[in-house]
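In what follows, a single structure is set out as structure tokens and then discussed.
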Amino acid sequence: MNQINWYEKNKTQTADWQSEAGNPPPKALVIADDTTKADEAYRLACEGTALLYRGDFQNAKQLLQAITRRVDRKPVKPAATMLESFHQHRARQIGRANITNKVLIELKYGQAELPRAPDVKAAVQGALIIDEKKDKLPARLVLSLRELLGMVGAHEWRKKGVPIQALNAHIHAHYGVYSPVRGEYLELIDQAPLNNPQVAWDIGTGTGVIAAVLVTRGVKQVVATETNPRALICAGENIQRLNMQSNIQLEQADLFPSGQADLIVCNPPWLPAKANTTIEQAVYDPDSQMLKGYLKGLKAHLNPDGEAWLVMSDLAELIGLRKPEELPGWIADAGLQVIAKTDTQPKHGKAQDKQDPLFAARSKEVTSLYRLKSV
């Protein structure tokens, strides 16, 4: 973990530095408190200076909100194409994060020692502690207030869970693990014809939800792979909560485990673009690397009569990030054929939000389950 240094109380202070996006510690830092004006804070943040807050916690939140409002006032330039709108939207998101992340807060053993600060220790532990036997919270930790609030929000969602109709149960996502809030892809997996597979693989399991749906449908043995350590722990807890430990084996692997399977399922990130945080890796797949890797590896890992399922949205094609002929070409190049394709419309809020900069594409989006076999 990096360290951050600043001058306060007539001496140099040092603390561990936390940034989920992997940003380095700010080079310039000033102390802010309840007397700091929003306009001045916004000016400093735009110039690259961070503000370490030493006043009331609720006032710190109000200052962050005021800075955010000033960022959002910037007019949006008209875009000639949907692809231009996407890149402009991403640039605004990154710029917004760079400025609003300049409001910092210090935690001592996971607690914010400010007036009217809530108890955030459990949320911070849930976000930062991967292995409770080896890891512990640092004595002093500085991070952005925006990131801390994200940890608190994720912790509440983790406790509440997301109801999954196909399981008649809740799935609980950890911080940094994508939550299965878009239920349409799970409906596709729940309804696709099963040819009595003895062994199924769930590639990039995340919360473990797809593996659990397969077991609920009668698959006796599922191997679920994942590279993200947080996701592995998250999936393990969900599997245990669902009492599916004897049916689902978790394995840390880049795409495929060794051997072959009767059914291989993957819901890769849908948009070929750069991910800026860990959670975005579930949405953005630079140069479609995971998608291509999955397709290329299927033929070697499918049993002779095996079947592969690919869950994909056509949002990338609608935006212009991927050409319509590319995915069919990659499937054919991998020695595979599409034996069936089932489509559904998204039901999430952004598909109906006309204020969303990508509404023209989202309103036409189709999510599909491709059933693939070796040629």
Side-chain angles (χ1 to χ4, degrees), residues 1-74 92-129 136-159 175-176 277 279:
M1 186 173 280
N2 289 332
Q3 289 196 314
I4 181 172
N5 301 301
W6 71 98
Y7 195 74
E8 185 183 12
K9 295 180 180 177
N10 299 318
K11 65 177 183 178
T12 299
Q13 308 284 337
T14 300
D16 286 338
W17 167 251
Q18 161 63 29
S19 169
E20 187 66 20
N23 295 325
K27 294 180 180 178
L29 184 151
V30 298
I31 302 300
D33 57 25
D34 300 337
T35 66
T36 303
K37 302 298 183 185
D39 285 338
E40 174 66 5
Y42 175 61
R43 181 187 67 79
L44 287 168
C46 288
E47 292 173 353
T49 299
L51 300 98
L52 180 59
Y53 208 87
R54 292 304 197 197
D56 179 271
F57 185 88
Q58 302 304 322
N59 288 345
K61 287 175 61 178
Q62 290 181 10
L63 180 66
L64 176 60
Q65 291 165 0
I67 292 172
T68 304
R69 287 195 297 271
R70 283 158 174 76
V71 174
D72 292 343
R73 282 178 195 159
K74 291 183 179 180
R92 283 180 68 90
Q93 283 182 318
I94 294 167
R96 187 179 195 258
N98 286 340
I99 293 172
T100 56
N101 278 333
K102 291 296 189 292
V103 179
L104 308 181
I105 191 164
E106 182 181 0
L107 304 179
K108 293 184 178 178
Y109 295 104
Q111 289 287 21
E113 296 183 345
L114 299 180
R116 292 202 294 166
D119 186 345
V120 298
K121 187 171 184 179
V124 175
Q125 283 181 320
L128 299 183
I129 301 301
K136 61 181 181 179
L137 293 174
R140 301 183 74 181
L141 180 73
V142 172
L143 73 167
S144 78
L145 175 58
R146 181 172 175 263
E147 186 165 324
L148 176 63
L149 296 175
M151 291 177 179
V152 172
H155 185 65
E156 292 305 310
W157 272 106
R158 175 176 172 176
K159 289 191 294 184
Y175 180 77
T277 61
I279 193 70

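From a predicted model like this one, the values you see are computed outputs, not experimental measurements.
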Grab the two heavy atoms, one from [X] and one from [Y], that are nearest each other, plus how far apart they are.
X	Y	value
Val120	Gln111	N-OE1, 3.4 Å
Trp17	Pro25	NE1-N, 3.4 Å
Ala38	Ile67	O-CG1, 4.5 Å
Pro115	Asp56	O-OD2, 3.4 Å
Leu104	Ser144	CD2-CA, 3.8 Å
Leu52	Glu8	CD2-OE1, 4.4 Å

Side chains of [X] and [Y]: does their closest heavy-atom pair fall under 4.5 Å?
X	Y	result
Leu29	Ile4	yes
Arg146	Leu64	yes
Met151	His155	no
Arg54	Glu106	yes
Tyr42	Val71	yes
Leu63	Asn59	no

Rounded to the nearest 0.5 Å, how far apart are [atom1] of [X] and [atom2] of [Y]?
X	Y	atom1	atom2	answer
Thr277	Gln93	OG1	CD	9.5 Å
Thr14	Arg140	OG1	CZ	7.5 Å
Leu107	Leu114	CG	CG	9.0 Å
Asp33	Thr35	CG	OG1	3.5 Å

Do [X] and [Y] get their side chains close enough for a donor-acceptor pair, meaning under 3.5 Å?
X	Y	result
Asn101	Glu147	no
Asp34	Tyr53	yes
Asn5	Thr12	no

Check your understanding: Does a side-chain N-to-carboxylate-O contact under 4.0 Å join Lys37 and Glu40?
Key -> no
Point to revise | Sidechain N-carboxylate O distance under 4.0 Å for Arg96, Asp72 | key: yes
Could you check whether any side-chain N or O of [X] sits under 3.5 Å from a backbone N or O of [Y], counting only pairs where one atom can act as donor and the other as acceptor?
X	Y	value
Thr49	Ala45	no
Thr36	Ala32	no
Asn23	Ser19	no
Gln58	Arg116	yes
Gln3	Ala15	no
Arg92	Lys74	yes

Exercise for review: Given side-chain contact (heavy atoms from CB on, under 4.5 Å), test Leu149 with Lys61 step by step and report yes or no.
Suggested key: CA-CA 9 Å; Leu149 296 175; Lys61 287 175 61 178; 4.3 Å; yes
Practice item. Would you check, one step at a time, whether the test side-chain contact (heavy atoms from CB on, under 4.5 Å) holds for Arg43 with Glu47? Key: CA-CA 6 Å; Arg43 181 187 67 79; Glu47 292 173 353; 2.8 Å; yes
Practice item. Might you work through the side-chain contact (heavy atoms from CB on, under 4.5 Å) test for Val124 and Gln18, ending with a clear yes or no? Key: CA-CA 11 Å; Val124 175; Gln18 161 63 29; over 6 Å; no
Check your understanding: Can Ile105 and Phe57 be said to form a side-chain contact (heavy atoms from CB on, under 4.5 Å), step by step?
Key -> CA-CA 9 Å; Ile105 191 164; Phe57 185 88; 3.5 Å; yes
